[in-house]
Chemist: 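Below is the structure I would like to discuss, written out as structure tokens.
Quick caveat: nothing in here was measured; it's all calculated off a predicted structure.
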Amino acid sequence: DPTIGFTSIVANAASIRNRGLEIVASYDWFVPRSRNDFSWTTSMTFTYNKNEVTEVENDATTASRLISTPYKVGYPVNTLWSYQFAGISDEIGMEGQPLFYIEDGGKSHNPVGRGIEILEFSGQSDPKYIVGLDNTFKWNGISLGIVLAYYGGHKMRCLAQNETFSTAFYGPLGSYFNDAWTPENPTSVPGIGQYASSELAGETMYSNTAVHDASFIKLRNMVLGYTI
């Protein structure tokens, strides 16, 4: 509403449903009879979570909007929607420019204004599974606690192979350009130099080639102690 001076508002524009499971288990591998005996206890927590959008007040109708506001009925809240990479163009005047699939199997360098049906569901950015593993060792007053955490079932956008202008050599360039497309080297990396893009867009950042597995395991905590 231009009469009140705001260009956007924050609103509850969608409804979601969350369902999950949590399992906790522990086991004493070695039970001490005295302070000087060795003991080892393991505790594990496993959680699974699934969320789903059940209603959207104002559905996205263009690909670019669904990417920026990824709410669609039947899919997770933080869904990653991606343009489907269709290779590098070898058409005269378009050599070296990345292409993406559009309606009816066609290909385009700039599909931003197209419908949402051209997008691919590439997973979600929220972990589906979280596992915590806690091991505690004790012997003769010395204790060692080690906590490991695993997050899995989710994806992330990274390592996008973005295109560049032919004159954009004033700063560092990605190492992937070492394998840039040329007629003699028809790779899936955007061209550079005489085969660089004449029109830059953000599709490569939101391409399915820039979606990778985000699962990881890490050492969350390690504590060494001594009881007097």
Chemist: Any side-chain heavy atom of Tyr83 sitting closer than 4.5 Å to one from Ile118?
Modeler: yes
Chemist: Could you measure the distance from the CG atom of Asn78 to the NZ atom of Lys155? Nearest 0.5 Å is fine.
Modeler: 15.5 Å
Chemist: Give me the atom names and distance for the closest heavy-atom approach of Thr187 to Ala180.
Modeler: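 Distance-wise, the nearest heavy atoms are OG1-C, 3.7 Å.
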Chemist: Applying side-chain hydrogen bond (donor to acceptor under 3.5 Å, both in side chains) between Arg157 and each of Ser82, Ser125, Ser207, report the one that passes.
Modeler: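 For Arg157, the side-chain hydrogen bond (donor to acceptor under 3.5 Å, both in side chains) check succeeds only for Ser82.
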Chemist: Closest heavy-atom contact between Asn208 and Phe85?
Modeler: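 Asn208 and Phe85 have their closest heavy atoms at OD1-N, 3.1 Å.
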Chemist: Whether the side chain of Tyr176 engages the backbone of Asn162 through a donor-acceptor N/O pair (distance < 3.5 Å, no angle test) should be reported.
Modeler: yes
Chemist: State, yes or no, whether a side-chain contact exists between Leu144 and Met222 at a heavy-atom distance under 4.5 Å.
Modeler: yes
Chemist: Report the distance from atom NZ of Lys138 to atom OG1 of Thr41, rounding to the nearest 0.5 Å.
Modeler: 7.5 Å
Chemist: Tell me, which pairs form a salt bridge (Lys or Arg N to Asp or Glu O under 4.0 Å) where one or both residues lie in residues 108-118, sequence neighbours left out?
Modeler: Glu103-Arg114
Chemist: Atom CD of Gln97 and atom OG of Ser108: how far apart are they, to the nearest 0.5 Å?
Modeler: 10.5 Å
Chemist: Are any non-hydrogen side-chain atoms of Gln161 and Thr204 less than 4.5 angstrom apart?
Modeler: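 They are not in contact (no side-chain heavy atoms under 4.5 Å apart), so the answer is no.
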Chemist: A side-chain contact here means heavy atoms from C-beta on lying under 4.5 Å apart; do Thr42 and Leu133 qualify?
Modeler: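 The answer is yes; the side chains approach within 4.5 Å.
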Chemist: side-chain contact (heavy atoms from CB on, under 4.5 Å) for Val223 and Val147? Distances and angles first, verdict last.
Modeler: CA-CA 9 Å; Val223 178; Val147 180; over 6 Å; no
Chemist: Locate the shortest heavy-atom distance separating Leu119 from Trp81; write the atom from each residue and the value.
Modeler: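 Answer, listing the atom of Leu119 first, then Trp81: CD1-CB, 3.9 Å.
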Chemist: Do Ser34 and Asn36 have side-chain N/O donor and acceptor atoms under 3.5 Å apart?
Modeler: no
Chemist: Shared ILVMFWY cluster between Tyr226 and Leu224, side chains joined below 4.5 angstrom?
Modeler: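 Per the 4.5 Å side-chain linkage, Tyr226 and Leu224 are co-clustered.
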Chemist: Short question: side chain of Thr54, backbone of Ser15 - any donor-acceptor pair under 3.5 Å?
Modeler: yes
Chemist: Measure across Ala160 and Met205 and return the closest heavy-atom pair with its distance rounded to 0.1 Å.
Modeler: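 Heavy atoms of Ala160 and Met205 come nearest at CB-CA, 4.0 Å.
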Chemist: Look up atom NZ in Lys50 and atom NZ in Lys128, then write down how far apart they are to the nearest 0.5 Å.
Modeler: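 Lys50 NZ to Lys128 NZ: 8.0 Å, rounded to 0.5 Å.
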Chemist: Any donor-acceptor pair under 3.5 Å linking the side chain of His109 with the backbone of Pro98?
Modeler: yes
Chemist: If Ile, Leu, Val, Met, Phe, Trp and Tyr residues are connected whenever their side-chain heavy atoms lie under 4.5 Å apart, and connections chain through other members, are Ile217 and Tyr48 in the same group?
Modeler: yes
Chemist: Between atom CG of Leu99 and atom CG of Asn110, what is the distance when rounded to the nearest 0.5 Å?
Modeler: 11.5 Å
Chemist: Each residue besides Val73 in its hydrophobic cluster should be listed here, by chain and number; the cluster joins Ile, Leu, Val, Met, Phe, Trp and Tyr at side-chain heavy-atom distances under 4.5 Å.
Modeler: Ile16, Val53, Val56, Tyr71, Val77
Chemist: Linking I/L/V/M/F/W/Y whenever their side-chain heavy atoms sit closer than 4.5 Å, directly or via other members, would Tyr75 and Leu66 fall into one cluster?
Modeler: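 Yes, Tyr75 and Leu66 fall within the same hydrophobic cluster.
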Chemist: What pair of heavy atoms forms the shortest contact from Val112 to Glu203, and how long is it?
Modeler: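 Looking at all heavy atoms of both residues, the shortest contact is CG2-OE2, 2.8 Å.
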Chemist: Assess the side chains of Glu120 and Ser122: does a donor N or O sit below 3.5 Å from an acceptor N or O?
Modeler: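 There is such a pair (donor and acceptor under 3.5 Å, judged by atom type) between the side chains of Glu120 and Ser122.
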Chemist: Taking the side chain as every heavy atom from C-beta outward, state whether Trp181 and Pro186 have any pair of such atoms under 4.5 Å apart.
Modeler: yes
Chemist: Please check: side-chain N/O of Asp104 versus main-chain N/O of Gly106, any donor-acceptor pairing under 3.5 Å?
Modeler: no
Chemist: Between Leu148 and Val24, is there a shared hydrophobic cluster once you connect ILVMFWY residues whose side-chain heavy atoms come closer than 4.5 Å?
Modeler: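 Each belongs to a different hydrophobic cluster.
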Chemist: Does Thr47 use its side chain to pair, donor to acceptor, with the backbone of Ile130 at less than 3.5 Å?
Modeler: yes
Chemist: Going by heavy atoms in the side chains, are Tyr195 and Pro183 under 4.5 Å from each other?
Modeler: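 They are in contact (side-chain heavy atoms under 4.5 Å apart), so the answer is yes.
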Chemist: In this structure, are over 12 heavy atoms from other groups packed under 6.0 Å from Tyr27 atom OH?
Modeler: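 Open.
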Chemist: Side chain of Asn178, backbone of Ser175: donor and acceptor closer than 3.5 Å?
Modeler: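 Checking the backbone N and O of Ser175 against the side chain of Asn178, a donor-acceptor pair under 3.5 Å is found.
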Chemist: Check whether any side-chain heavy atom of His212 sits under 4.5 Å from a side-chain heavy atom of Leu159, and report yes or no.
Modeler: yes
Chemist: Can you name the closest pair of heavy atoms from Lys107 and Ile102 and give their distance?
Modeler: N-CG1, 3.7 Å
Chemist: Is the backbone N or O of Gly93 less than 3.5 Å from a side-chain atom of Glu95, with the two atoms forming a donor-acceptor pair by type?
Modeler: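 Answer holds: yes.
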Chemist: Say whether, by atom type as modelled, one donor and one acceptor occur between the side chain of Ser68 and the main chain of Arg65 under 3.5 angstrom.
Modeler: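 Yes; at least one donor-acceptor contact below 3.5 Å.
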Chemist: Report yes if the side chains of Asn51 and Asp126 come closer than 4.5 Å at any heavy-atom pair, otherwise no.
Modeler: yes
Chemist: Using the rule ring-ring contact (aromatic ring centres under 6.0 Å, His included), only one of Phe38, Trp139, Phe137 pairs with Phe30; which is it?
Modeler: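 The single option meeting the ring-ring contact (aromatic ring centres under 6.0 Å, His included) with Phe30 is Phe38.
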Chemist: Val189 and Ile88: side-chain contact (heavy atoms from CB on, under 4.5 Å), yes or no, with the steps?
Modeler: CA-CA 7 Å; Val189 179; Ile88 303 296; over 6 Å; no
Chemist: Working to the nearest 0.5 Å, report the span between CD of Glu55 and CD of Glu57.
Modeler: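 So the CD of Glu55 and the CD of Glu57 are separated by 8.0 Å.
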